[in-house]
Amino acid sequence: MKRIDEIDVSYKKVILRCDFNVPIKDGKILSDERISSSLETINYLINNHAKIIIMSHLGKVKTLADKKNNSLYLVYERLSKLLNGNVYFSPYTKGKELENKINSLNYGDVLLMENTRFEDLNDKAESENSDELSKYWASLADIFVNDAFAMTHRKHASNYGISKYLPNAIGFLVDKEIKGLECIVNPKRPFTVIMGGAKVEDKLDYIIDILPKCDYLLVGGGIANSFLSVNYNVGLSLYNKEKKEELKRLLSIYKDKIIMPSDVVVLNNNIVTTKNIKDLCDDDSIYDIGDNTLSIYKDIIDKSMTIFLNGTAGKYEDNRFEKGTKSLLEFVSRANCNSVIGGGDAISSSEYFNVNNFSFISTGGGATLAYIASGKLASME
Ligand code: 3PG
């Protein structure tokens, strides 16, 4: 794979695939790390007088109504501020209006195209890597540059399909990620993976592939609740009911590797208490891991030579439930080993608590987990 500075991009029309799938809440971008991470590549293209067409997805677009909450317009506004130059927006992802916008660009201008997943409303053309769409997008430019590291685990039209029809290269972010992640793709042992976050189904495939490669898997958040639900009553907590059998199987194979919370912080009738996991009632909801769990997790973190942290241990935006997420970030940042955090929520929480001292901060969540699991970047095969 050539890097962008190994090909000639001067005065060329370049499609740059970024991952601007930023966390947005109440109409505000919570972290612009994914935008700022690609600025080096964008500025390189601007300085080389390319005409730059940026593509990205945002969220999932399954119905017409999803378009409203998943527009890249907010990202366009932030990008314009960060670049302080000629940045334009195309609300169209196909057709004459998009082509006219591209034709009116001057060298050094940037055009951000609306969410590539708007094309999913046409038979999932983007997500199912439609050949027709890939070819069409490729026809809009001379060169394709992939800087969407956080998307490298997916083979979609805008990052994989298109690359088959244009001369292409990777951007500086993808290059930096590959180098920064070397220490977890080939880890020194003990290698500990800490995984939190809401949805276990999203991460289950990665958990299955990572378990043989790591020495410990410490779980928090909805992932922990789902594992706990195999043996305990988790009350009203968020957990996955469908995957119980699979989780049970994993717990029996990897009983010494998968470390679950022994105590948790629960909310019940607006009262917050810490409980042993054996003592939960039907109307308790878990929102964080407890102190005893933190001390067990800390011992494992302290003896690890490599750590990867993805997701959060609880509902950290509420200060009653921030301790688990904050403490894990602090333990990992102080650990005397290779420490990497990755993914939107891990980055947002590290910014929130101002804990940033890691060997590497990866923009990838699923992409980084997939890279650890397989050692490959699917979109670049
Ligand atoms: C991510 O945030 O992991 C990437 O942007 C991919 O998003 P997706 O899981 O919606 O495909």
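All values reported here derive from a predicted model rather than from experimental measurement.
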Could you tell me the separation between the [atom1] atom of [X] and the [atom2] atom of [Y], rounded to the nearest 0.5 Å?
{"X": "Leu105", "Y": "Leu111", "atom1": "CG", "atom2": "CG", "result": "5.5 Å"}
{"X": "Ser130", "Y": "Lys124", "atom1": "OG", "atom2": "NZ", "result": "13.5 Å"}
{"X": "Leu369", "Y": "Ile184", "atom1": "CG", "atom2": "CD1", "result": "8.0 Å"}
{"X": "Leu377", "Y": "Tyr160", "atom1": "CG", "atom2": "OH", "result": "13.0 Å"}

Crowded around [X] [atom1]? As in, over 12 foreign heavy atoms under 6.0 Å?
{"X": "Asn336", "atom1": "CG", "answer": "no"}
{"X": "Lys164", "atom1": "NZ", "answer": "yes"}
{"X": "Lys12", "atom1": "NZ", "answer": "yes"}

_Whether Lys376 engages the ring of Tyr371 as a cation-pi pair (distance to the six-membered ring centre under 6.0 angstrom, angle to the ring normal within 45°) should be assessed._
no
Any Lys/Arg nitrogen of [X] or [Y] sitting under 4.0 Å from an Asp/Glu carboxylate oxygen of the other?
{"X": "Glu381", "Y": "Lys155", "answer": "yes"}
{"X": "Lys94", "Y": "Glu126", "answer": "no"}
{"X": "Asp318", "Y": "Arg320", "answer": "yes"}
{"X": "Arg249", "Y": "Glu246", "answer": "yes"}
{"X": "Glu132", "Y": "Lys135", "answer": "no"}

Checklist line | Set of side-chain hydrogen bond (donor to acceptor under 3.5 Å, both in side chains) partners for Asp123, sequence neighbours left out | finding: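 Partners of Asp123 by the side-chain hydrogen bond (donor to acceptor under 3.5 Å, both in side chains) criterion come out as none, since no residue qualifies.
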Across all chains, not counting sequence neighbours, the side-chain hydrogen bond (donor to acceptor under 3.5 Å, both in side chains) partners of Asp205 are none
Which donor-acceptor pairs under 3.5 Å do side chains of residues 327-335 form with protein atoms, sequence neighbours excluded?
unit_1: Ser327; atom_1: OG; unit_2: Lys323; atom_2: O; d: 2.7
unit_1: Ser333; atom_1: OG; unit_2: Leu329; atom_2: O; d: 3.4
unit_1: Ser333; atom_1: OG; unit_2: Glu330; atom_2: O; d: 3.0

Quick one: which residue pairs count as a ring-ring contact (aromatic ring centres under 6.0 Å, His included) with a foot in residues 237-256, not counting sequence neighbours?
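Every pair satisfying ring-ring contact (aromatic ring centres under 6.0 Å, His included) with a residue in residues 237-256: there are none.
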For Lys241, the salt bridge (charged side-chain N to carboxylate O under 4.0 Å, His left out) test, sequence neighbours excluded, returns none
TODO: State, with a plain yes or no, whether a side-chain heavy atom of Ile207 is found less than 4.5 Å away from one of Val219.
DONE: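 Side-chain contact under 4.5 Å: no.
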For residues 212-240, the salt bridge (Lys or Arg N to Asp or Glu O under 4.0 Å) pairs (sequence neighbours left out) are Arg189-Asp215
Within the 3.5 Å criterion, strictly below it, is a donor on [X] or [Y] matched to an acceptor on the partner's side chain?
{"X": "Thr93", "Y": "Glu114", "value": "no"}
{"X": "Ser163", "Y": "Asn168", "value": "no"}
{"X": "Tyr11", "Y": "Asp142", "value": "no"}
{"X": "Asn186", "Y": "Glu182", "value": "yes"}
{"X": "Ser127", "Y": "Asp120", "value": "yes"}

Strictly distance-based, threshold 3.5 Å: is any side-chain N or O of [X] a donor or acceptor partner for the main-chain N or O of [Y]?
{"X": "Ser38", "Y": "Ile35", "answer": "no"}
{"X": "Thr41", "Y": "Phe172", "answer": "yes"}
{"X": "Ser359", "Y": "Val340", "answer": "no"}
{"X": "Arg34", "Y": "Thr363", "answer": "yes"}
{"X": "Asn48", "Y": "Ala50", "answer": "no"}
{"X": "Asp147", "Y": "Val174", "answer": "yes"}

